[in-house]
Participant: 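The structure that follows is given in the form of structure tokens.
Computed from a prediction, not measured in an experiment: that's the story for all the values here. Both counts, for ligands and for their atoms, begin at 1 and track the order of listing.
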Amino acid sequence: MKSLALLHASQLVTLSGPNRPRVGNELTELGIIRDGGILIRDGKVDIVGPSDEIEKDAGDAEIVDLGGRVALPGFVDAHTHLVFGGNRLDDFERRARGETYEQIAKAGGGIWSTVEKTRAASEDELFAETKKRTDWLLKCGTTTLEAKSGYGLTLEHELKILHVIRRLNEETPLEIVPTFLGAHAVPRETSPEKYVDLVISEMLPRVAKEKLAEFCDVFCERGYFDIEQSRKILNAAKKLGLKLRGHVDQLSNSGGAQLMAELGATTADHLEKTDEQGIAALKSANVQPVLLPGSVYALGSTHLRQGSGGQASYPLAREMIEAELAVVLATDFNPGSSPTPSMPMVLSLACTQMKMSPAEAIAAATINAAYSLDRGDTIGSLEPGKIANISVFDCTDYREIAYWFGISQTHSVYVSGRPV
Ligand SMILES: [Zn+2]
């Protein structure tokens with residue numbers, strides 16, 4: 001493979017720093033090199049530095065002039081529900097008319113409608129439908145993502161989704177980290193007790209045996225899986241060697257953050273209702289919070305915060321940063337509550353709605369997200385030896401990526417040193 005030298009980035013945002021997730025003030029230290037360049041050999045970062053120095057070392061490398069644009073490590077999207085059938089356009093319109101979740105579910109919408117469409121699709125159909133969406137992710141500058149199962153809710157259909165994730169990982173430029181989320185909802189045809197038993201006794205052993213997932217996740221919420229059921233499922237997963245993530249405290253503060261700390265989970269995701277005690281618990285066990293502002297935005301529920309009961313509001317990002325948690329940002333890409341594959345949109349929401357600085361948001365979407373997927377030593381920053389996943393944006397200051405919203409500024413994307 002020919003070496004490649006990318007030269008003349010107005011800002012080469014390297015995120016160089018300690019070999020661990022970034023916390024507190026470290027989140028603002030992006031390791032920016034002005035008029036930066038990067039030499040790539042064998043798909044990996046060889047050297048980074050000022051362009052004139054890189055040019056001297058470039059030898060016979062192919063030279064690409066970035067023309068004063070901004071270059072970053074490819075975004076790492078650490079929470080998506082990538083594989084699903086159909087869409088939820090009718091729910092979207094009903095919500096716009098002011099209908100409640102219950103009314104929408106009664107009219108045949110909600111998660112169940114996605115489960116039906118996902119079950120009805122063959123593996124090939126689901127693969128073709130999802131592959132289109134992976135192009136959206138690349139166009140937004142994402143090069144690695146986590147993808148969950150969870151719209152099958154039977155052994156057969158959960159395995160089908162995980163097989164699609166495996167194929168997408170093999171057949172697209174994206175690196176996709178698989179998560180088993182069999183406990184996404186209780187299917188209509190069975191009782192919660194029976195379903196938890198099915199997840200533990202049949203689904204998890206099969207998923208582990210076929211090595212179809214690295215992580216196990218649970219939707220821990222009233223009406224879905226309570227603390228005790230979530231604990232049972234996650235403990236069973238842990239025994240099989242899976243690492244843990246969890247949808248917790250999205251609609252109610254039910255002690256989900258504390259559960260994830262107790263179990264030594266890698267991440268606790270959502271956390272819209274998590275309070276100071278929950279934050280302290282996450283800190284005590286070094287659990288990384290994964291914040292998903294896209295779902296709060298798309299549900300349009302923030303203005304209902306007062307007395308809104310089960311409505312979501314933005315999580316306490318500033319308090320989490322002050323508590324030195326290694327905050328992560330992700331899209332939660334899914335057809336119901338967050339139909340966006342765009343990390344730049346999530347950065348905009350992080351800055352405008354959760355008062356994160358643009359630098360903090362970038363660190364949360366790259367290096368910290370990489371650590372949350374157990375890949376902090378290979379991706380998430382542009383440092384010698386790391387995989388050369390690079391996204392180039394058509395702007396001159398990295399803050400513009402979060403500032404201009406609603407337009408794509410992605411200029412080009414490199415995966416393992418190759419343009420895609
Ligand atoms: Zn989710």
Participant: Please tell me whether T114 and R88 have a donor and an acceptor in their side chains that are separated by less than 3.5 angstrom.
Facilitator: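 There is such a pair between these side chains.
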Participant: Kindly give the atom name of the N, O or S atom of H81 closest to the Zn ion (ligand 1).
Facilitator: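 Among the N, O or S atoms of H81, the one closest to the Zn ion (ligand 1) is NE2.
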Participant: Give the name of the N/O/S atom in D332 that lies closest to the Zn ion (ligand 1).
Facilitator: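 In D332, the N, O or S atom with the shortest distance to the Zn ion (ligand 1) is OD1.
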Participant: Nearest to the Zn ion (ligand 1), which N, O or S atom of H247 do we find?
Facilitator: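 Of the nitrogen, oxygen and sulfur atoms in H247, the Zn ion (ligand 1) lies nearest to NE2.
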Participant: Give a yes or no answer on whether the side chain of R231 reaches the backbone of L259 with a donor-acceptor pair at less than 3.5 Å.
Facilitator: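 Not at all, since once roles are kept as given, no pair shorter than 3.5 Å links the two residues.
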Participant: Could you tell me whether the side chains of S122 and D124 share a donor-acceptor contact shorter than 3.5 Å?
Facilitator: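 No, because no side-chain N or O of S122 sits under 3.5 Å from a partner of the opposite role on D124.
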Participant: Between H81 and D332, is there a side-chain donor-acceptor contact under 3.5 Å, judged purely by atom types and distance?
Facilitator: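 There is such a pair (donor and acceptor under 3.5 Å, judged by atom type) between the side chains of D332 and H81.
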